[in-house]
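Below, chain A is the first sequence line, B the second, and so on; all start at residue 1. These numbers come from a predicted model, not from an experiment.
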2 protein chains.
Amino acid sequence: MSPSNYDEKWMLRALEEGWKGIGLTSPNPAVGAVVVKDEMELGSGYHHRTGLPHAEREAIADVVAKHGAEVLHGATIYVTLEPCSTVGRTPACTSGILENKIRRVVYGAVDPNPKHAGAADTLLRGQGIEVTAGVLREECEKLLRPFAKRITSGLPWVIAKTAMSLDGRITRPPSEGQWLTSPESREVVHQLRAQVDAIIVGGKTVRRDNPRLTLRSEKGAAEKEQPWRVVLTHTGRESLPQDFHLFTDEFKNRTLIYQDKPLAEVLRDLAEKGCNSVLLECGGRLMRQFAEAELIDEYQLFYAPIITGGEDFGFGLGDHFKSSLTLKEVHSRSIGQDTLISGVVVRSEE
Amino acid sequence: MSPSNYDEKWMLRALEEGWKGIGLTSPNPAVGAVVVKDEMELGSGYHHRTGLPHAEREAIADVVAKHGAEVLHGATIYVTLEPCSTVGRTPACTSGILENKIRRVVYGAVDPNPKHAGAADTLLRGQGIEVTAGVLREECEKLLRPFAKRITSGLPWVIAKTAMSLDGRITRPPSEGQWLTSPESREVVHQLRAQVDAIIVGGKTVRRDNPRLTLRSEKGAAEKEQPWRVVLTHTGRESLPQDFHLFTDEFKNRTLIYQDKPLAEVLRDLAEKGCNSVLLECGGRLMRQFAEAELIDEYQLFYAPIITGGEDFGFGLGDHFKSSLTLKEVHSRSIGQDTLISGVVVRSEE
């Protein structure tokens, strides 16, 4: 294996660790790390939650617990994001690296915060540490996207989820049940909820479905705070049934109502609350407004194998957009009888 | 291998042969056959075109050409459809089997024509031939579907093809090009055209696109007659531009115009012309009418990774259908950047 393939192999392990933290770490980024010496993995870790140790500290602690601190001397640490060099709620990761005499640092993405970008790189090199940057950079940036979006734009990473019939409708004929998609797809939706910090719906959806918008997956229940449940309404909180789940269940303090607030301002407010990512689970009209305003970053579209007719479209009715939204990184997969097509929006500057 | 697995293995080979003829054989069915002795394939064949030999005769001739007629004694023939026992444009296949002292006949599907169903089975058994029926019956019936549909209902097997954006639209904003889907998807459409006997469009599509609706795939060019090009119009032939491809190219005698004819009657007329299968390539309004009337058997839906807004829907506008159409045998696959979701309509009696 060439040195660069070797580095990529271990960075993939660090990424694997990092993805364990997705949706748990806001307002911090999800980051993974692995410590390697003599082609052996000594330990690994990921950032679990704000206020808890960063991925590098987790990985170092894992090594110490398994093998003692001595083995860290001369080791290499792989980390998906440039280590932090400033003391925040936790001590700087660069000092952990230096204290433990780690010889080499390999990282993927540069810190998206312009105030910190490259700072650790410079600091570590100045202390004689061998530093390799940009290994699997694109993959590492994908893990970092929600955080980077918030840091660089003041808006969260917005994922739009819709379940549609093959003809683009979100409702069935009146004589049929409510659900379009299969239980398997709804389980995937719960996994999506466990990756975000807020779930946005419209008042109409609340009135119609009395949704809980809670986490039912194991990960959600065990590790993750209930995401904000955000209702956008023209008519205010009083217009919504006060005995509904959102206002009465154990997470009622995690319900937010925005009345007639511009969508970008809602998103900005959520970012200020520390949300790196939000999930849109709204109906067609609202979804269309988000899409047309180019506020959506990622689409997760479930297609049930039915054709329903009807007038409720996943992306509402109206004229053509000024220009089509185009997706990249398009993946399609079967989930039960449904098809999930996902992709990330190509920005016009790309 | 158990005897039934053994039979299934060879029936799969016969199916492979049979699919080579799909779209070429109307009004006959596509059928494949393979001759086996001592666990060796001696020869194979498929029905190429009406008036030419049936699959059994093709396979027998292949054996004779390769090994001489003697080896047929005691051999087994696998055929996807119950052999014919009547003399039509070609002699009965049962006599070919008997003359050549084939010992055993294994077939998949029963003849869908009630006048012939089981006739060959009885005849062959009466002559001391060992007969095994129903091997991979469901797979063999899939190959037979277009023919069986026409024989049993007087209507062709109807495949609906639409290329849509992810939000179900079939047009792009005016500033953009005409095509939604990739060249790869359009190539798959040409493969679909090569499987059918007629292509149906609406007058609006003709006026807008001046389509050729010809076969550009290799199979199409080499082996297959140009499918009928069927235009459904409210305003008659004179309302369509007479200098368009459909009226001037080398296949102009393969263009049919139906004015204000009920859709089921159009289909019945095409079946009477010998069409086992037709492909709908029409716009949203007409597609919706076919769908709502439950005249469609199979959907081939291409989704381009774009979201366009707009008012031209793949399945038009209107109220919910009386009940949703549900698909089975749902497959999704990536074609370039597009996703193709296909499936067969579940009939209410199923």
Side-chain angles (χ1 to χ4, degrees), chain A residues 160 162 164-177 180 284 287-288 291-292 294 296 299 301 303-346, chain B residues 160 162 164-177 180 284 287-288 291-292 294 296 299 301 303-346:
Chain A
T162 301
M164 291 180 276
S165 60
L166 293 170
D167 55 334
R169 272 73 169 182
I170 55 176
T171 54
R172 302 180 69 126
S175 62
E176 300 176 6
L180 276 82
M287 194 63 90
R288 184 185 173 83
E292 198 162 12
E294 301 194 19
I296 298 172
Y299 287 86
L301 305 175
Y303 294 88
I306 58 175
I307 295 172
T308 66
E311 298 197 314
D312 295 320
F313 289 90
F315 289 86
L317 279 168
D319 290 334
H320 279 121
F321 294 161
K322 193 156 46 64
S323 57
S324 297
L325 304 173
T326 303
L327 305 191
K328 61 181 181 181
E329 300 170 33
V330 179
H331 293 286
S332 59
R333 63 181 172 119
S334 296
I335 300 180
Q337 280 288 290
D338 305 326
T339 302
L340 169 58
I341 304 180
S342 62
V344 168
V345 174
V346 177
Chain B
T162 301
M164 290 180 276
S165 60
L166 293 171
D167 54 335
R169 273 72 170 182
I170 55 174
T171 55
R172 304 181 66 127
S175 62
E176 300 175 7
L180 276 82
M287 195 62 89
R288 182 184 175 84
E292 198 162 13
E294 302 195 18
I296 298 173
Y299 287 86
L301 305 175
Y303 294 88
I306 58 174
I307 294 171
T308 65
E311 299 198 313
D312 295 319
F313 290 90
F315 289 85
L317 280 168
D319 290 335
H320 279 120
F321 294 162
K322 192 157 46 67
S323 56
S324 298
L325 303 173
T326 303
L327 305 191
K328 62 181 180 180
E329 302 170 31
V330 179
H331 294 286
S332 58
R333 64 180 172 119
S334 297
I335 299 181
Q337 281 287 289
D338 305 326
T339 301
L340 170 57
I341 304 180
S342 62
V344 168
V345 174
V346 178

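- Looking at A:Glu176, the atoms closer than 4.5 Å to chain B (heavy atoms on both sides) all sit in the side chain, from C-beta outward.
- Ring-plane geometry between A:Tyr303 and B:Tyr303 is classed as tilted, the angle between the planes lying from 30 to 60 degrees on a 0 to 90 degree scale.
- Side-chain contact between A:Leu317 and B:Glu311: absent, with no pair of heavy atoms (C-beta onward) separated by less than 4.5 Å.
- In this structure, B:Thr339 OG1 and A:His331 NE2 are separated by 10.5 Å, a value rounded to the nearest 0.5 Å.
- Across B:Gly318, B:Gly314, B:Ser323, the residue that shares the most heavy-atom pairs under 4.5 angstrom with chain A is B:Gly318.
- A distance of 12.5 Å separates OG in B:Ser334 from CZ in A:Arg333, rounded to the nearest 0.5 Å.
- Only the side chain of A:Phe313 comes within contact range of chain B, with at least one heavy atom under 4.5 Å from a heavy atom of that chain.
- For A:Thr171, the parts sitting under 4.5 Å from any heavy atom of chain B are the backbone and the side chain alike.
- Of the two parts of A:Ile307, the backbone and the side chain both hold a non-hydrogen atom closer than 4.5 Å to a non-hydrogen atom of chain B.
- Nearest heavy atoms, A:Lys322 versus B:Pro173: O-CB, 3.8 Å.
- You'll find the side chain of A:Tyr299 stays beyond 4.5 Å of the side chain of B:Asp167, heavy atoms only.
- With a 4.5 angstrom heavy-atom cutoff, A:Met164 touches chain B only via side-chain atoms.
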